[in-house]
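Notes for the one structure printed next.
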Amino acid sequence: MADQFLAEQSTWTIAQIARTNDEDSWVMLTRDGKIVPIPGEKILFTSRPRVALELSTPKELRIAEPFSLKSGDGIVYITNERVIYLPATPGHGFRSFFSPILNFTDTHVQSSWIGPWSWGGVVKPVPGGGIPMDVPRIEAKFIFKDGGHSDFQSKFEWLKERLHHAQELGMTPGQNFEPPPPYDPNTPGPSSGGPGAGASSSEVLQGSADQHQPPQPSPDEPPPDYVEAQSQAIAIQYEQRAREEAERQ
């Protein structure tokens with residue numbers, strides 16, 4: 001703990017000396033207020049309006065200039081790259097907040113007997129994210145006044161798990177981090193050829209007899225391990241893409 005404290009104090013001191021205007025950059029927006037995505041970025045979740053945000057330095061982090069900021073109303077987004085918060089009324093001191101998904105640690109949900117649910121965690125700041133770079137880490141708290149915290153948490157944890165998996169495989173995450181397609185019982189299965197291709201005469205006769213049988217109802221639920229199989233297929237696609245990129249280099 002002492003080593004971590006000394007390292008963070010050193011980081012703060014160096015940042016104060018070499019401070020630049022990088023912290024004045026923000027999330028890029030169009031004229032109508034929509035997010036301008038970075039290359040390959042795709043929005044996967046958009047919250048309901050009236051999400052509040054509270055940013056503050058942890059109490060155990062002793063720095064000369066503690067940082068704190070509050071926004072009472074806004075919208076939070078999850079993309080395949082980062083979490084983005086846009087206040088409903090941007091000001092000169094705060095126009096947006098963002099952080100890469102994997103920069104969040106110790107995330108958790110908090111409930112209240114009389115108030116709305118909230119979700120938060122510890123964040124490592126990045127240039128242009130809305131937090132001064134001389135702050136080693138920050139506590140972020142999103143307060144969902146109109147509900148929706150569970151959907152946000154589910155999407156965040158789902159994406160973070162896949163980003164960790166891609167990182168372990170040495171892959172660069174792309175824009176295809178999306179849930180597997182919903183199960184459709186009417187989707188035809190794989191075929192190895194035309195009718196009767198490679199089949200014996202007895203199989204052909206059996207197939208002809210089956211045509212006179214009433215059709216069996218399709219199952220309403222996906223088969224066992226459907227989601228896992230779809231996720232593995234996506235991982236294989238990323239591995240193939242990584243190999244192809246390596247071969248082109």
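Counting from 1, the numbers follow the sequence of the chain as shown. Just so it is clear, the structure is predicted and the values come from calculations on it, not from any experiment.
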### Query
Does atom NZ of Lys160 have more than 12 heavy-atom neighbours from other groups under 6.0 Å away?
yes
### Task
Assign the ring pair Phe156 / Phe152 to parallel, tilted or perpendicular, where the plane angle (0 to 90°) is split at 30° and 60°.
parallel
### Task
For the pair Phe94 and Tyr85, name the ring-plane relationship: parallel under 30°, tilted 30 to 60°, perpendicular over 60°.
parallel
#### Entry: For the student: nearest non-hydrogen atoms of Pro127 and Phe98, plus distance
O-CZ, 3.8 Å
### Residues forming a side chain to side chain contact (heavy atoms under 4.5 Å, CB included) with Ile38, sequence neighbours excluded
Glu41, Glu81, Arg82
### Query
In chain order, what residues pass the side-chain hydrogen bond (donor to acceptor under 3.5 Å, both in side chains) check against Thr30, with sequence neighbours excluded?
Asp32
### Task
Applying side chain to side chain contact (heavy atoms under 4.5 Å, CB included), name anything that partners Val109, two or more places apart in sequence or on another chain.
Trp117, Trp119, His149, Gln153
#### Entry: Contacts of type side chain to side chain contact (heavy atoms under 4.5 Å, CB included), residue Thr46, not counting sequence neighbours
Ile43, Ile75, Tyr77
### Closest non-hydrogen atom pair, Gly72 against Ala52
O-CB, 3.7 Å
### Task
Return each pair, listed once, that meets side chain to side chain donor-acceptor pair (under 3.5 Å) where at least one residue sits in residues 48-57; pairs must be two or more places apart or across chains.
Arg50-Asp146
## Note on the structure
Across all chains, not counting sequence neighbours, the side chain to side chain contact (heavy atoms under 4.5 Å, CB included) partners of Ser118 are Gln110, Lys141, Ile143
## Note on the structure
side chain to side chain contact (heavy atoms under 4.5 Å, CB included) with Ile101: of Asn80, Leu163, Thr79, only one passes, and it is Leu163
